[in-house]
Trainee: 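Next up is a structure, given as structure tokens.
Excluded from the calculations below are hydrogen atoms, water molecules and symmetry mates; all remaining heavy atoms, backbone and side chain alike, are included.
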Amino acid sequence: MDSTQISRFSLFITFFSCILAFSFGDNSSSTDAHWLLRIKSKLVDPAGVLESWSLRAHICSWNGLTCSHDEAFVIALNLSASTLSGSIPTELWNLVSLQTLDLSLNLITGSIPPEIGRLRNLRTLLLFANNLSGKVPTEIGLLKKLQVLRIGDNMLAAQIPRSIGNLTELRVLGLAYSQLNGSIPAEIGNLKNLVFLDLQHNSLSGFIPAEIHNCEELQNFAASNNMLDGEIPASIGKLKSLQILNLANNSLSGSIPPEISGLSNLQYLNLLGNRLNGEIPWELNHLVQLQKLDLSSNNLSGTINLLNIHLQNLQVVVFSNNALTGSIPSNFCLKNSNLQQLFLSQNKLSGGFPLGLLNCSSLQQLDLSNNNLEGELPPTIDKLENLTDLLLNNNSFNGSLPPEIGNMSNLENLYLFDNMITGSIPVEIGKLQSLSTIYLYDNQMSGSIPMELTNCASLTAIDFFGNHFSGSIPETIGKLKDLVLLQLRQNDLSGPIPPSLGYCKKLQQLALADNKLSGSLPATFRFLSQLSTITLYNNSFEGPLPDSLYSLRNLKIINFSHNKFSGTILSLTGSNSLTALDLTNNSFSGSIPSRLAISTNLGRLRLANNLLNGSIPSELGRLKELIFLDLSFNNLTGEVPSQLSTCQKLQHLLLNDNHFTGKMPSWLGSLQDLGELHLSSNNFQGQVPAELGNCSRLLKLSLHTNNLSGQIPREIGQLTSLNVLNLQRNNLSGFIPPTIQQCKKLYELRLSENWLSGPIPSEIGKLTELQVILDLSRNLLSGEIPSSLGNLLKLERLNLSFNRLGGELPSSLGQLTSLVTLNLSNNHLRGQLPSTFSGFPPTSFSGNDKLCGPPLTSCMDSAGHENNILSSTAVVCIIVAIVFTSTVICLVMIYIMLRMWCNMRKVLISNSSEGGGNGIEQIKREDQERWMYGDEKKRKGEYWRVMSSMALVPSQNHDDHISSSCIFQVKMDTKKLGI
């Protein structure tokens, strides 16, 4: 082998040795490199933070890695905030020398594998702020050297494993902002080196374990926003090192333990949002290091007994939303106090403005709102020279605003609303150059709005609603360049809107309603490009609307109702942002512009009580967000366009008092959210569409004063939410459907002035919520009034007049004690009225001649009157009978006497022809005997019959011998005489 070959071979051996040395010279680091490259292949790395992981570079130079001093091992992997995603690679558990693993603030998903227990050398494990789910593995308790464990801000669920108590070296435990549940394990007390414990924003429940007092090094304990209950353990007072205790927003109960005063190093105590009760323990005055104290939103009572003389480091006190009483102690504050924030709102504090607080010159925020404080504001209030926020609203302060308030040069927010403050706004208010918000609404202030107010150049919000301010809006209002809200509603302001208002270019909400303002809208309104809400209703504005309104593209709410505006409404139809437009009670004319359909977000359109004509534009069907459509009291004509059926969110449809014609649309039944349908006082014809029964949410249905005919559809019973049904003044016929009983929420039912027939259905008695009225008058109803109407105990007005009802009034109607008006007139009712009806006027029952009882004539008098009528009739009958009988008897007697006279004359003539007076005497004797005894021999059997007929009639045997000289020749019919 020559020298050239030897040199080449030596070079190869050297190069190969270098390769071997590089690749296998360090077995541990080369193994870690192998696993790390596998880990790289499993993670998604959009930011390229793992690009340096390559065999071309030494492993210890790879991004995020830290090696041991001898570069033999990888001891730290820090890939925090690298936008990595994917699950935790299983190869990671082969890096057994790792002491620090930080994958926090990434997008890693999946669970924490139990193999994590193999990293026995870990001292720091940071996996917080990812998308990890599942449970915390029990194997985490095998990491005995762990000092920092932060795995919160994930979606971890299940309980905190008890094995966590094995991590006796642990100093930081962060499990916050997850979904952990169950209780805090008592084994937490084994962590004697624990300094930081953060369990907040989970779903932990149960008690705070008393064993926590064993964590003697604990400085920060936060378990807020969980569901912990029970009492705060008194043993917590043994945590002498504790500086922060945050147990806010749980369900802790009982009183605040006095033992908490043992936390001599405590600087922050937050117990807000629990169910703590009792008094604030006086022992809290021992927490001399305390800087922030929040006990708000509990049930604490008693007086405030904390004194700044003890708590000189106190900066923030929040006792709001409790039941604290009494007044604030006069020695609450020292002149050298550090107190910056004092919030005592929503309690029951009383007395005047606490003068002791004027010593707290360091105060920046003072909230005494929603208490029972009264009296005048002190003129020395300007001692609070550093105050930025003064909230005294919702009390009973009276008197006027002290002019000295203008000396509070740092004041930014002044809330005095809902008090009884009188007088005017002091002109000194104009000195408050930092003032941003002034809320004086709901007081009794008067006078004019001072022009000096417009010197407060920082003002963003003015709210003077509900006072008695008069005069005009300051002409210089345009100086407030940062003004966002101007609320002057419900005052006595007059005059026009000053043109300078248009230069408040940041103005978003303008409310001038309920005043006495007049004139036309200024043309400068075109500069209010950020205006979103404008309410001018209940004033005396007039004239046409300026075209400049068309350019206000951010307008969402416009309410110009109850003014004197005229002309057309074209200038309000250009905003796509518009959600509510109310122009009711003006004098707008012309047709409804189809351009309104541009406002596709429009939810409320109210154009009622104007002079609009023409038809409803079909383009309104594009308003898919429309909830409220009110076009009532105009001169609109034509049919209702079917395109409105696409407005499926409609809840209120009011088209009444127009001149609409045609049939009532059946597509109304497709409006499932419809709650109010008012189509009355139009010229609709045809039947009530049965499809209306599909509007299950309908509360009010008013179709009165149209030309509707046919029957009331049975489907009306499907409207189970209906409160008001008014179908009066139509041509409806047929029976009242019994299905109406299903409308159990009805409190007003009007079916009068139709052609309804048949009986009143007894099912109406099941409408027990009827209260306002039941009006069935002026129909053709017949039959009796059903007794079930007595169940309508809430009914105030009942009208059944002008029908054909008959029978007696059911006694159950006497139960209607809530009735105010009653009309049963012009029917065929009879019988006694219930006693409870005695207070109604007689006209309520007129046209029913057979009704009796108060307020009509008593039923006894009526019965007596009927008896008198019967007696008179009987008397007449008796008199007639007597006269007739007497006449017959007289005629019979006359006949008998004539008959006797004729017979006697016949005998006398016969005897005189035979001679002698003796004969006459003989005849006299015989006649006398006949008168006394009758002809016993010849008529013995007829004696009693003659006597019974009360007439003495001679024997028929002598009839043939009657002389022709007898004046009357009468042949008696013995059968008619009963002989």
Side-chain angles (χ1 to χ4, degrees), residues 291 293 303-320 326-345 347 349-417 419-440 443 445 450 452-453 455-456 458:
Q291 298 176 14
L293 173 61
T303 58
I304 297 174
N305 51 23
L306 296 183
L307 302 176
N308 192 232
I309 191 172
H310 301 293
L311 305 175
Q312 297 184 15
N313 292 309
L314 204 57
Q315 299 176 12
V316 179
V317 174
V318 187
F319 291 167
S320 302
S327 58
I328 299 173
S330 58
N331 56 350
F332 182 80
C333 253
L334 297 177
K335 290 187 178 181
N336 58 349
S337 168
N338 291 312
L339 193 63
Q340 298 176 8
Q341 297 174 318
L342 178 59
F343 301 104
L344 303 177
S345 64
N347 278 284
L349 300 174
S350 57
F353 184 91
L355 298 178
L357 293 182
L358 299 179
N359 294 325
C360 299
S361 58
S362 58
L363 263 181
Q364 298 176 10
Q365 294 177 304
L366 175 60
D367 186 358
L368 302 178
S369 62
N370 290 279
N371 279 286
N372 299 320
L373 301 174
E374 57 188 5
E376 298 186 5
L377 298 181
T380 53
I381 196 170
D382 58 346
K383 288 185 177 181
L384 301 175
E385 56 188 8
N386 292 305
L387 204 63
T388 61
D389 300 295
L390 178 59
L391 289 78
L392 303 179
N393 53 282
N394 295 93
N395 280 287
S396 298
F397 289 114
N398 53 39
S400 58
L401 288 181
E404 291 79 4
I405 204 167
N407 298 328
M408 304 173 70
S409 58
N410 292 303
L411 197 61
E412 297 177 5
N413 298 297
L414 177 60
Y415 290 3
L416 298 177
F417 61 89
N419 278 284
M420 295 184 289
I421 297 174
T422 57
S424 59
I425 301 174
V427 296
E428 289 80 1
I429 204 89
K431 294 158 55 176
L432 302 178
Q433 294 298 305
S434 298
L435 191 64
S436 174
T437 303
I438 178 169
Y439 284 176
L440 302 180
N443 276 286
M445 303 186 72
E452 288 79 3
L453 182 65
N455 294 331
C456 302
S458 299

Trainee: For Leu344 and Leu349, what are the C-alpha separation, side-chain angles and deciding distance, and is it a side chain to side chain contact (heavy atoms under 4.5 Å, CB included)?
Mentor: CA-CA 9 Å; Leu344 303 177; Leu349 300 174; 4.0 Å; yes

Trainee: Which heavy atom of Pro402 sits nearest a heavy atom of Leu377, and at what distance?
Mentor: CD-CB, 4.0 Å

Trainee: Looking only at non-hydrogen atoms, find the nearest pair between Pro403 and Pro426 and report the distance.
Mentor: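 Pro403 and Pro426 have their closest heavy atoms at CA-CB, 4.0 Å.
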
Trainee: Please find the pair of heavy atoms, one from Leu401 and one from Met445, that lie closest to each other, and give the distance.
Mentor: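 Scanning both residues, the minimum pair turns out to be CD1-CE, 4.0 Å.
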
Trainee: Output the distance between atom CD (Glu376) and atom OG (Ser400), rounded to the nearest 0.5 Å.
Mentor: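 The distance works out to 6.5 Å.
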
Trainee: Would you mind listing every side-chain hydrogen bond (donor to acceptor under 3.5 Å, both in side chains) that reaches into residues 386-398, with sequence neighbours excluded?
Mentor: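 The answer is Gln365-Asp389, Asp389-Asn413, Asn394-Asp418.
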
Trainee: Give the minimum heavy-atom separation between Ser330 and Asn359, together with the two atoms involved.
Mentor: O-ND2, 4.4 Å

Trainee: Under the side chain to side chain contact (heavy atoms under 4.5 Å, CB included) test against Leu339, which residue among Leu363, Leu366, Asn313 passes?
Mentor: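 Filter result, single survivor: Leu363.
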
Trainee: Check whether any side-chain N or O of Asn455 sits under 3.5 Å from a backbone N or O of Leu453 as a donor-acceptor pair, and report yes or no.
Mentor: no

Trainee: Quick one: does Ile328's side chain get under 4.5 Å of Leu357's, heavy atoms only?
Mentor: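 Yes, side chains in contact.
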
Trainee: Quick check: does any side chain N or O of Thr303 sit under 3.5 Å from a backbone N or O of Gly326, one acting as donor and the other as acceptor?
Mentor: no

Trainee: Is a side-chain donor or acceptor of Gln433 paired with a backbone partner of Gly430 at a separation under 3.5 angstrom?
Mentor: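 Yes; at least one donor-acceptor contact below 3.5 Å.
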
Trainee: Do Leu293 and Val316 make a side-chain contact, defined as non-hydrogen atoms from C-beta onward lying under 4.5 Å apart?
Mentor: no

Trainee: Enter the distance from Leu435:CG to Met408:CE here, rounded to the nearest 0.5 Å.
Mentor: 10.5 Å

Trainee: List the atom of Leu432, the atom of Gly406, and the distance in Å for their closest heavy-atom pair.
Mentor: CD2-O, 3.5 Å

Trainee: Evaluate side chain to side chain contact (heavy atoms under 4.5 Å, CB included) for Leu392 paired with Tyr415, printing each intermediate quantity in order.
Mentor: CA-CA 6 Å; Leu392 303 179; Tyr415 290 3; over 6 Å; no

Trainee: Supply the atom-to-atom distance Lys431 NZ to Cys456 SG, rounded to the nearest 0.5 angstrom.
Mentor: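 One finds 11.0 Å between NZ of Lys431 and SG of Cys456.
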
Trainee: Within a strict 4.5 Å, meaning less than it, do heavy atoms of the Leu342 and Phe319 side chains meet?
Mentor: no

Trainee: Nearest heavy-atom pair of Leu358 and Lys383: which atoms, and what distance?
Mentor: O-CB, 3.9 Å

Trainee: Could you tell me the separation between the CG atom of Leu311 and the CZ atom of Phe332, rounded to the nearest 0.5 Å?
Mentor: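 So the gap between those two atoms works out to 8.5 Å.
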
Trainee: Would you indicate whether the side-chain heavy atoms of Phe343 and Val317 approach each other to under 4.5 Å?
Mentor: no

Trainee: Indicate the ring-plane relationship of Phe353 and Phe397, choosing parallel, tilted or perpendicular according to the 30° and 60° boundaries.
Mentor: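 Because their plane-to-plane angle lies in the 30° to 60° range, the rings of Phe353 and Phe397 count as tilted.
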
Trainee: Whether the side chain of Ser362 engages the backbone of Ser337 through a donor-acceptor N/O pair (distance < 3.5 Å, no angle test) should be reported.
Mentor: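 Checked: pair present.
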
Trainee: For the CG atom of Leu390 and the CG atom of Asp367, what is their distance to the nearest 0.5 Å?
Mentor: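 Going from CG on Leu390 over to CG on Asp367, the span is 9.0 Å.
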
Trainee: Strictly distance-based, threshold 3.5 Å: is any side-chain N or O of Asn443 a donor or acceptor partner for the main-chain N or O of Ile421?
Mentor: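 Yes: the side chain of Asn443 pairs with the backbone of Ile421.
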
Trainee: Do Asn371 side-chain atoms and Asn347 backbone N/O form a donor-acceptor pair below 3.5 Å?
Mentor: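 Looks like yes, one N/O pair under 3.5 Å.
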
Trainee: When rounded to the nearest 0.5 angstrom, what is the spacing between CG in Leu384 and CG in Asn407?
Mentor: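 One finds 12.0 Å between CG of Leu384 and CG of Asn407.
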
